[in-house]
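If you read the sequence from its start, that first residue is 1, and numbering goes on from there. Note that the structure is a prediction, hence the values are computed from the model and not measured.
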Amino acid sequence: MSKIRQLLQNYGDHIAVPWREDAAPAQRVIFCVYRETDERTLRAKVDEFDLVTREAGYDWRHFDLTDTFACWLSGQRYAKKYFAQPELLGNLLPRYLDYLDEGFERFVAEQGAHTRSVVAVSGVGSLFGLVKVKDVVDRFAPLVSGRLLVFFPGSFENNNYRLLDGYDGWNYLAIPITADKTY
């Protein structure tokens, strides 16, 4: 069985367990962790995660971060200058996090996500080097009254998440689901 197929099965087993309604935002976050080399395979199977979620009796909403940086940067007043001199972006990047937060909040409101919804976030690898996934999750989690599912290309070891295995990770309270096991 492929790693992504096993990840899907482990996610299905986890999502079928009845939810506590009184869980804090950080306790409602689920990370589906997979090797970054499996990104294309995972994206091809996102609809299957949707099906498994709906079979468990929950609604599904999907938010993709992949193109958000390009959309945000191209809308900046001095976009051409930033493209020519990316080192000038340092002071502007905190606004990107605000842009993500506002876009996600609008998405959740428009989609009618509620306490029986899973809001899945993909394209997290596109944040690498721009903003920290932890900061994004900290902003997104309180906006979701159901479950926030983050498709996470990287690794989870010793309670540490590492995005794209590219730098030292961080410890987060999310429930990790990997192809090898469900926690």
Side-chain angles (χ1 to χ4, degrees), residues 1-17 19 28-74 96 99-101 103-108 110-114 116-137 139-141 143-144 146-157 160-167 169-170 172 174-183:
M1 179 180 296
S2 77
K3 291 285 189 179
I4 297 300
R5 175 83 41 214
Q6 186 63 50
L7 178 66
L8 175 63
Q9 183 176 337
N10 290 347
Y11 167 76
D13 292 345
H14 175 77
I15 208 66
V17 174
W19 296 355
R28 296 191 310 256
V29 178
I30 302 165
F31 274 45
C32 276
V33 182
Y34 56 95
R35 292 179 312 193
E36 58 277 3
T37 57
D38 289 332
E39 178 73 17
R40 286 182 35 196
T41 305
L42 179 114
R43 285 182 176 263
K45 302 242 183 250
V46 166
D47 288 343
E48 292 184 40
F49 283 86
D50 177 354
L51 283 172
V52 167
T53 302
R54 292 182 191 279
E55 286 173 1
Y58 300 105
D59 290 332
W60 174 269
R61 307 290 185 263
H62 180 216
F63 186 78
D64 191 353
L65 294 168
T66 304
D67 297 335
T68 57
F69 183 73
C71 292
W72 170 76
L73 188 57
S74 65
Y96 175 51
Y99 172 83
L100 292 175
D101 190 31
F104 187 74
E105 186 171 9
R106 194 169 42 256
F107 172 82
V108 169
E110 290 170 0
Q111 294 293 314
H114 49 80
R116 297 206 41 89
S117 296
V118 172
V119 180
V121 177
S122 63
V124 172
S126 66
L127 302 176
F128 187 80
L130 301 171
V131 296
K132 294 182 179 183
V133 174
K134 178 193 180 309
D135 294 339
V136 172
V137 171
R139 295 248 190 135
F140 286 10
L143 302 173
V144 176
R147 296 297 182 263
L148 176 65
L149 169 63
V150 178
F151 289 114
F152 189 81
S155 64
F156 176 77
E157 294 174 13
N160 238 0
Y161 292 93
R162 291 180 51 165
L163 179 63
L164 302 175
D165 286 340
Y167 61 88
W170 75 98
Y172 196 74
I175 297 167
I177 298 174
T178 65
D180 298 328
K181 64 181 176 178
T182 304
Y183 296 81

Test log, rule salt bridge (Lys or Arg N to Asp or Glu O under 4.0 Å), inputs Asp135 and Arg139
CA-CA 6 Å; Asp135 294 339; Arg139 295 248 190 135; over 6 Å; no
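- Note: Arg106 CZ to Asp101 CG = 10.5 Å, rounded to the nearest 0.5 Å.
- Remark: side-chain polar atoms of Ser117 are not paired, donor with acceptor, to backbone N or O of Val119 under 3.5 angstrom.
- When atom types are taken as modelled, the side chain of Arg116 and the backbone of Gly57 share a donor-acceptor pair closer than 3.5 angstrom.
- Leu42 has its side chain within reach of Leu7: a pair of non-hydrogen atoms, C-beta onward, lies under 4.5 Å apart.
- The CG atom of Leu143 sits 9.0 Å away from the CG atom of Leu148 when rounded to the nearest 0.5 Å.
- Ser122 OG to Leu149 CG: the interatomic distance, rounded to the nearest 0.5 Å, is 9.5 Å.
- In this pair, Tyr96 and Tyr99 present their aromatic rings parallel. The plane angle is below 30°, not in the 30 to 60° band.
- Note: Phe31 and Phe152 have tilted aromatic rings, judged against thresholds of 30 and 60 degrees for the angle between ring planes.
- Residues Arg61 and Asp59 approach most closely at NH1-CB, 3.7 Å, considering heavy atoms.
- When each of Val46, Asp47, Val121 is checked for a side-chain contact (heavy atoms from CB on, under 4.5 Å) with His62, only Val46 meets the rule.
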Stepwise side chain to side chain donor-acceptor pair (under 3.5 Å) test for Asp64 and Thr66: CA-CA 6 Å; Asp64 191 353; Thr66 304; 2.6 Å; yes
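- Ring geometry for Phe151 versus Trp60: interplanar angle of 30 to 60°, hence tilted.
- Atoms CG and NZ, on Asn10 and Lys3 in that order, are 10.0 Å from each other to the nearest 0.5 Å.
- Going from atom CG of Leu100 over to atom OG1 of Thr68 covers 4.5 Å, rounded to the nearest 0.5 Å.
- Nearest heavy-atom pair across Gly123 and Arg43 is CA-NH2, 3.1 Å.
- Side chains of Phe104 and Val144 form a contact here, defined as non-hydrogen atoms less than 4.5 Å apart.
- Proximity of a side-chain donor or acceptor of Arg28 to a complementary backbone N or O of Gly146 within less than 3.5 Å is detected.
- Taking 4.5 Å as the limit, every side-chain heavy atom of Val118 sits out of range of all side-chain heavy atoms of Phe49.
- The two residues Ala56 and Ala16 come nearest to each other via the heavy atoms CB-CA, 4.0 Å.
- Two residues are said to be in side-chain contact when any heavy atoms from C-beta on lie closer than 4.5 Å; Lys134 and Tyr161 fail this criterion.
- Taking CD of Gln6 as the reference point, atom CD of Gln9 lies at 5.0 Å (rounded to 0.5 Å).
- When the options Leu51, Asp50, Val52 are evaluated for a side-chain contact (heavy atoms from CB on, under 4.5 Å) with Arg54, the one that passes is Asp50.
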